[in-house]
Structures are given as structure tokens and as C-alpha cells.
**Student:** 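A single structure is presented below for examination.
Side chains included, hydrogens not; waters and symmetry mates left out as well; all remaining heavy atoms used.
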Amino acid sequence: MITQADTQQRLMELLLGKKRLLQPGSNNKKLASNDTETWILNLAPHTQNSKGKSLCGHASPSCIKACLFKAGHGKMPAVERTRRLNTEVFIHHRETFIQLLHQELWGLHLKATQEGSVIAVRTNGTSDIDFYQLILNQTGVDVLKEYTGLVAYDYTKDYKKWEKYRGTPYHLTFSRSEINWLQARWVLEQGGNTAVVFYPKVPKTWQGFPVHDGSFSDERWLDPPGYIIGLIYKKVPGDDPLTNPFVVKV
């Protein structure tokens, strides 16, 4: 259980620079395979916070059941607690959280610029929030246009969010669930990409669309347009891929 005192302590750790919101992709098995240096923000998903506020507003029931929150390193109690603490900071101290996230993004942009490289950032590892809009609203800084050292990308089930950022520096891969295939298909027809979770293997085609195997890296901005991005189901506690309609059985 996360107490108010725990949240205050984490807030102070973040303000003092002892902790940070974005974590290196080297700690994530899939992101570690990216050729591009990658950083990710993981929060507690959907309504797993003290206010019961959904951080994944378009998550379907079966998507929630298969959520990767407790997959991989997420199984470790310390990792889960860190994610929950950061979530409580976001819920109770939103303006400060956004300012801290903005500072970390600026720091990564500066690092990439000095190195003559680019750094990829995934702000929604286990959430679906428009952080770049929140930063713009609060600070007036358009990170996507001004921080050219960053490659911003995410997955989303929010169709309006995908449409909003279509053709911008923010690369969004739409995510298929058991209830949104019509939207997912439209995205594909417009030349976008839709992620689909398969089990136990990724097929060559599905529903008449070519499938690009996205299980080898997370560099989604490099995917061929108009392709389904095939992802392999990862086992999570309490879920069965054979009965979960979020997972496409091959």
C-alpha cells in the first residue's frame, strides 16, 4: 500500500534528483534490443491508483487482463512499487510531475544534441496519456517540435489521439483490442500501423493485411507503413492467452 507519506517522500526524491521518472531501456528486455538509446516511463495502469482514475481511458476488459504491468521486471516488488509511487505523484501533484518530466526530456534532448545522436522516448509504457499536450499546456514548450534530439513514440488505443498526431514527430502505433478492430483497420487503410498481439507465433498476414514482426525491437517509428505490427503474447499472472480475446491465436 502506498501512503501519503510515501508519495511525499518520492516527490522529494524526484525534486532533489535522487530518483527520475524516465528509466533507461537497457532495463527492459525488448527496449534493450533497440539500436537507438531509449528511455521509458511506466506508471500503474488503468485505475490502479488511490483515486481510481483511469490512466488508460480506452483499455478494453481483456487488454486490462493481459496488461504488461507485471510482466518482465514488473514482477519485481521494488519495480512495481516504484511505478505505483510515480503514479501517485502524477495523481496528487500533477503540475510538479509534468514539470519534472519536461526537465528530464530537456536533459535527454541536450544529451543527444551534444552527442550528435538521437534518443528515443516512450512516455506511455503502461499508460495512455497525452503528456506532450500536458507539457505544452503547462509550459508553452512544444517538445515535439523544439526538442529535435528526441524520437517520441508510443502505442495507443485512443483513436482520436492517433488521428491528432498523424503526420507529426510523435509516432503512434494504434493498438488493436477485442472491441476496436474497425478503428484499427481504418488506421491501417490510412497507412498507419496497428499492433496486434498473437500467440504462439506471428503470422505473415492477418485479416488481409501484411504483418511485420515487431517482437525483435521496439523501434516502431521504423516500421513499414500500412502494416500490422505483430507482437508475441507475454505471460502475465492470472491470464490465459487461449481464452483471452485480446490475444489472436495462430
Side-chain angles (χ1 to χ4, degrees), residues 14 20-23 25 31 38-60 63-64 67-69 83-109 118-177 179-180 183-184 186-187 190-195 218-221 223 229:
L14 290 167
R20 60 181 303 145
L21 297 171
L22 293 163
Q23 297 299 310
L31 270 63
T38 306
W39 291 73
I40 187 169
L41 172 62
N42 283 303
L43 299 178
H46 41 96
T47 58
Q48 296 185 37
N49 56 74
S50 60
K51 288 190 176 182
K53 180 178 177 60
S54 178
L55 303 189
C56 310
H58 292 76
S60 67
C63 166
I64 292 172
C67 182
L68 296 178
F69 178 54
R83 295 175 180 181
R84 291 188 183 278
L85 283 168
N86 290 340
T87 302
E88 292 305 312
V89 174
F90 175 69
I91 292 294
H92 294 282
H93 306 279
R94 178 170 296 199
E95 288 189 2
T96 303
F97 182 101
I98 294 301
Q99 186 63 40
L100 289 165
L101 178 59
H102 178 216
Q103 290 175 359
E104 290 189 21
L105 291 170
W106 162 251
L108 290 176
H109 160 69
V118 293
I119 293 176
V121 179
R122 183 175 161 189
T123 53
N124 285 289
T126 43
S127 56
D128 198 354
I129 301 167
D130 195 344
F131 284 113
Y132 297 107
Q133 185 64 57
L134 292 178
I135 292 173
L136 178 61
N137 292 347
Q138 184 169 313
T139 69
V141 177
D142 190 335
V143 171
L144 300 174
K145 290 183 179 179
E146 298 182 33
Y147 294 1
T148 54
L150 303 181
V151 175
Y153 80 106
D154 270 315
Y155 299 80
T156 184
K157 286 185 176 66
D158 185 343
Y159 169 75
K160 291 183 179 179
K161 182 180 173 184
W162 180 87
E163 196 169 31
K164 171 184 176 180
Y165 287 106
R166 179 182 175 188
T168 74
Y170 189 16
H171 188 284
L172 288 174
T173 299
F174 193 74
S175 180
R176 173 262 178 200
S177 74
I179 60 175
N180 70 359
Q183 293 177 338
W186 190 88
V187 168
Q190 302 307 306
N193 298 112
T194 289
D218 202 50
E219 293 175 301
R220 295 279 72 85
W221 63 95
D223 292 332
I229 307 305

**Student:** Quick check: closest heavy atoms across A120 and Y153, and the distance to 0.1 Å?
**Tutor:**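 Between these two residues, the closest heavy atoms are CB-CE2, 4.1 Å.
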**Student:** Can you confirm if the aromatic rings of F131 and F90 lie within a centre distance of less than 6.0 Å?
**Tutor:**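 Yes; F131 has its ring centre under 6.0 Å from that of F90.
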**Student:** Just how far is it from atom CZ of R20 to atom CG of N86, taken to the nearest 0.5 Å?
**Tutor:**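 Reported value, rounded in 0.5 Å steps: 11.5 Å.
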**Student:** Look only at the side chain of Q23 and the backbone of N42, and say whether a donor-acceptor pair between them is shorter than 3.5 Å.
**Tutor:**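 Not confirmed, Q23 side chain does not pair with N42 backbone.
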**Student:** In terms of heavy-atom contacts, does NZ of K164 have more than 12 from other residues, nucleotides or ligands at under 6.0 Å?
**Tutor:** yes
**Student:** Please examine the side chains of I91 and L55, heavy atoms only from C-beta on, and report whether any two atoms are closer than 4.5 Å.
**Tutor:**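 Contact flag for L55/I91 side chains = yes.
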**Student:** Does the side chain of I98 come within less than 4.5 Å of N137's, by heavy atoms?
**Tutor:** no
**Student:** About how many Å separate CD of E219 and NE2 of H171, when rounded to the nearest 0.5 Å?
**Tutor:** 11.5 Å
**Student:** Looking only at heavy atoms, which two atoms of Y165 and Y132 are closest? And how far apart?
**Tutor:**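 Answer, listing the atom of Y165 first, then Y132: OH-CB, 4.3 Å.
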**Student:** With heavy-atom distances below 4.5 Å as the criterion, would you say the side chains of R176 and N180 are in contact?
**Tutor:** yes
**Student:** To check you understand the geometry: which heavy-atom pair defines the closest contact between I229 and D223, and what is its length?
**Tutor:**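 Nearest heavy atoms, I229 then D223: CD1-OD2, 3.4 Å.
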**Student:** For L101 versus L21, what's the shortest heavy-atom pair and its separation?
**Tutor:**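 Heavy atoms of L101 and L21 come nearest at N-CD1, 3.8 Å.
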**Student:** Is there a donor-acceptor pair closer than 3.5 Å between any side-chain N or O of W221 and the backbone N or O of A152?
**Tutor:** no
**Student:** Would you check if there is a donor-acceptor pair between the side chains of T173 and N193 at a distance under 3.5 Å?
**Tutor:**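 There is no such pair between these side chains.
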**Student:** Do W162 and Q190 have side chains that get closer than 4.5 Å, going by heavy atoms?
**Tutor:**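 When only atoms from C-beta onward are counted, Q190 and W162 do touch, with a gap below 4.5 Å.
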**Student:** Evaluate the side-chain proximity of Q133 to L136: yes if any heavy-atom separation is below 4.5 Å, no if none is.
**Tutor:** yes
**Student:** With the side chain counted from C-beta on, respond yes when F97 and L134 share a heavy-atom pair under 4.5 Å apart, and no when they do not.
**Tutor:** no
**Student:** Donor-acceptor pair, distance only, cut-off 3.5 Å: does the side chain of T87 make one with the backbone of N49?
**Tutor:** no
**Student:** Checking H109 side chain against G149 main chain: does a donor-acceptor pair fall under 3.5 Å?
**Tutor:**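 Answer holds: yes.
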**Student:** Answer yes or no: is there an ion pair linking K161 with D154, defined by an N-O contact shorter than 4.0 Å?
**Tutor:**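 Answer for the salt bridge query: no.
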**Student:** State whether the side chain of Q138 and the backbone N or O of E95 hold a donor-acceptor pair below 3.5 Å, judged by distance alone.
**Tutor:**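 Side chain of Q138 to backbone of E95: a pair is present.
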**Student:** Could you tell me whether the side chain of D218 and the main chain of L31 form a donor-acceptor pair under 3.5 Å?
**Tutor:**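 No: the side chain of D218 does not pair with the backbone of L31.
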**Student:** Give, for atom CD of Q48 and atom SG of C56, the distance between the pair rounded to the nearest 0.5 Å.
**Tutor:** 9.0 Å
**Student:** Please say which of V143, L22, I40, T38 ends up in a side-chain contact (heavy atoms from CB on, under 4.5 Å) with V121.
**Tutor:**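 The single option meeting the side-chain contact (heavy atoms from CB on, under 4.5 Å) with V121 is L22.
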**Student:** Donor-acceptor pair, S54 side chain versus T47 backbone, under 3.5 Å?
**Tutor:**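 Side chain of S54 to backbone of T47, a donor-acceptor pair under 3.5 Å: no, none is there.
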**Student:** For the CG atom of L150 and the CH2 atom of W106, what is their distance to the nearest 0.5 Å?
**Tutor:** 10.0 Å
**Student:** Taking the side chain as everything from C-beta on, heavy atoms only, tell me whether T96 gets closer than 4.5 Å to V89.
**Tutor:**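 A side-chain contact is absent here, since even the closest heavy-atom pair is not under 4.5 Å.
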**Student:** Might you point out which heavy atoms bring K157 and H58 nearest each other, and give the distance in Å?
**Tutor:**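 Heavy atoms only, the tightest pair is O-CB, 3.5 Å.
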**Student:** Using only atom types and a distance under 3.5 Å, with no angle test, would you say the side chain of T139 pairs donor to acceptor with the backbone of V141?
**Tutor:**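 Such a contact is found between T139 side chain and V141 backbone.
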**Student:** To the nearest 0.5 Å, tell me how far D158 CG sits from F174 CZ.
**Tutor:**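 Separation between the atoms: 8.0 Å.
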**Student:** For S60 and I179, which heavy atoms make the closest approach, and how far apart are they?
**Tutor:**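 Minimum heavy-atom separation between S60 and I179: CB-CD1, 3.8 Å.
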